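Remember, it's a predicted structure, so these values are computed and weren't measured experimentally. We name chains A, B, ... by the order of the sequence lines, and we start the count at 1 in each one.
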There are 2 protein chains.
Amino acid sequence: MAHLMTESILRGPYKPGRIREQSRELILQAAEAEFACHGFRGATMQRIAESAQVPKANIHYYFSNKLGLYGAVLENTLNLWDAIFNELASHDEPADVLSCYIDAKMDFSRTHPTASRLFAKEMISGAPHLSAYLQQDYRLWFKQRMSIFESWVAQGKMDDVEPAHVIFMIWASTQYYADFEPQILIATQTPTLTEQSFTSAADSIKHIILKGCGIC
Amino acid sequence: MAHLMTESILRGPYKPGRIREQSRELILQAAEAEFACHGFRGATMQRIAESAQVPKANIHYYFSNKLGLYGAVLENTLNLWDAIFNELASHDEPADVLSCYIDAKMDFSRTHPTASRLFAKEMISGAPHLSAYLQQDYRLWFKQRMSIFESWVAQGKMDDVEPAHVIFMIWASTQYYADFEPQILIATQTPTLTEQSFTSAADSIKHIILKGCGIC
DNA sequence: TGAAAAGTTGACTAAATGGACAGGTATTGA
DNA sequence: TCAATACCTGTCCATTTAGTCAACTTTTCA
């Protein structure tokens with residue numbers, strides 16, 4: 001569970017708050033797109049308001065300020081991220097584990113491209129708002145998976161490649177199809193990335209990673 | 001050669017433009033860092049000026065406006081990019097070609113991380129300032145390389161994987177070490193990426209890509 | 001050497017920005 | 001029905017922003 005210093009869900013006595021959820025969600029969605037496209041500094045409250053079709057003052061009713069809104073958006077994103085992290089479970093066979101993980105990551109790129117881009121922008125900027133998140137579960141998760149990979153290497157189930165680089169290759173390759181979509185579209189001369197594009201890409205990545213790591 | 005609508009580089013024929021080159025370069029360097037970190041909208045002329053240690057008005061003496069400055073930075077970056085593109089030459093053996101290219105790309109990530117990040121930010125934002133560049137040489141380059149790969153497949157020199165995905169995997173994996181440095185540092189629990197980190201990563205990528213494509 | 005050209009910059013402006021707030025309307029529960 | 005509370009937003013404000021400009025200094029070269 002990702003938890004960073006962000007907007008307290010309950011602002012005010014919070015009685016029923018039925019409308020609250022809807023309005024918040026509407027604003028958060030618009031904000032995610034705006035932040036993903038222009039970054040924290042480049043995004044403006046005015047544009048977010050227009051995109052969400054609410055007066056700017058309405059945003060300030062639900063979120064204390066720009067940073068609070070950004071924190072809330074980031075928290076949403078990180079919760080999604082966490083779910084994918086845990087897809088890399090410890091089945092028996094390396095082939096199954098990596099195949100499933102690559103599929104899950106690719107599916108995330110397809111269904112949540114803006115979340116992926118938001119995360120990417122934050123990283124490229126030096127991850128100034130992610131330190132709390134990255135320090136905790138993340139490190140532990142990574143360490144644990146690394147040791148699983150190492151045990152596979154020891155058992156001769158895969159080549160002796162540094163596990164970290166394998167993970168990075170999977171992350172990089174799958175996220176690429178969300179983050180660098182314009183480049184892919186122009187290179188391949190296609191108007192949009194279809195669901196079929198993603199499965200085709202996932203198949204290629206699986207082939208190369210599995211065979212490349214000597215997993216059969 | 002990358003050429004987009006940007007600041008005209010009118011340097012005096014001999015003497016006059018001596019100071020010009022220095023000042024321009026100083027500003028461009030500061031601007032590259034600022035744009036790479038905060039994107040076009042998020043960057044401010046004031047911060048660029050402070051970073052370059054010149055008055056803000058001095059920037060406007062050399063560059064017509066913010067967009068002009070950004071265009072000049074982008075042009076610099078794209079010229080570097082072009083040089084790496086052409087590293088993927090047509091040697092005889094696929095193994096050599098891809099090994100050299102991966103090394104070259106990885107070297108670029110190590111020596112020009114901010115250029116890589118600038119390019120990435122621009123892409124994630126939808127590449128609004130790159131259309132001219134991406135339409136021209138880029139498409140042709142890509143098409144030509146694809147056909148080389150296809151001939152390799154036909155000759156049985158490599159597995160039948162879609163060439164485009166192989167290229168994307170190489171791009172994604174190598175650029176990752178520049179763009180997502182914070183994530184890598186935290187995951188691997190190291191303070192900085194050393195030259196050895198990059199060669200180690202390049203080796204892993206080469207191993208996986210070559211073997212994964214059935215190139216031996 | 002001296003005047004023309006190149007380079008420099010403090011002070012200014014208009015617009016955009018994040019944010020505050022008072023006074024309003026809608027919803028709720030008793 | 002009727003307060004109490006949640007929800008809404010037009011209007012304002014201080015600050016930041018990109019960009020201008022005219023006065024100034026330095027460099028160039030004939």
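Checked against the 6.0 Å centroid threshold, A/F119 and B/F180 do not count as a close aromatic pair. For B/Y177 and A/H165, the ring centers sit closer than 6.0 Å to each other. Aromatic ring centres of A/F149 and A/W152: separated by under 6.0 Å.
For the residue pair B/T194/B/S197, the side-chain donor-acceptor check at 3.5 Å is satisfied. Side-chain contact of B/Y176 with A/Q175: a donor-acceptor pair under 3.5 Å is absent, judged by distance alone.
For the pair B/Q22 CD and C/dA6 C1', the interatomic distance rounds to 14 Å; values are reported in whole Å. If you measure from atom CD of B/Q46 to atom P of C/dG10, you get 11 Å, rounded to the nearest angstrom. Atom C1' of nucleotide D/dT17 and atom CZ of B/R47 are separated by 11 Å, given to the nearest angstrom. Atom CZ of B/R41 is separated from atom C1' of D/dA18 by 14 Å (rounded to the nearest Å). Atom P of nucleotide D/dT16 and atom CD of B/E50 are separated by 11 Å, given to the nearest angstrom. Residue B/L26 contributes atom CG, which lies 14 Å from atom P of C/dG7 at whole-angstrom precision. One atom, CZ of A/F63, and another, P of D/dC8, lie 12 Å apart when rounded to the nearest Å.
Contact check, A/N65 against C/dG18: no side-chain N or O comes under 4.0 Å of OP1 or OP2. In terms of phosphate contacts, B/Y62 brings a side-chain nitrogen or oxygen within less than 4.0 Å of OP1 or OP2 of C/dT8. In this model, the phosphate group of D/dC8 is not approached by any side-chain N or O of A/Y61 to a distance below 4.0 Å at OP1 or OP2. The phosphate of D/dA6 (OP1 or OP2) has no side-chain N or O of A/R20 nearer than 4.0 angstrom.
Distance from the side chain of A/H60 is smallest for C/dG19 among the nucleotides C/dG19, D/dC21, C/dG7. With D/dT17, D/dT9, D/dC7 as the candidates, the nucleotide lying closest to the side chain of A/N58 is D/dT9. Of the candidate nucleotides C/dG19, C/dT27, C/dT9, C/dG19 has the atom lying nearest to any side-chain atom of A/M45.
With hydrogens and angles left out, the side chain of B/K56 and the base of D/dG19 share a donor-acceptor pair within 3.5 Å.
A/A49 comes within 4.0 angstrom of nothing in the nucleic acid, heavy atoms only.
The 5' end of DNA chain C is approached more closely, in terms of each residue's nearest nucleotide, by B/S23 than by the other of B/S23 and A/K66.
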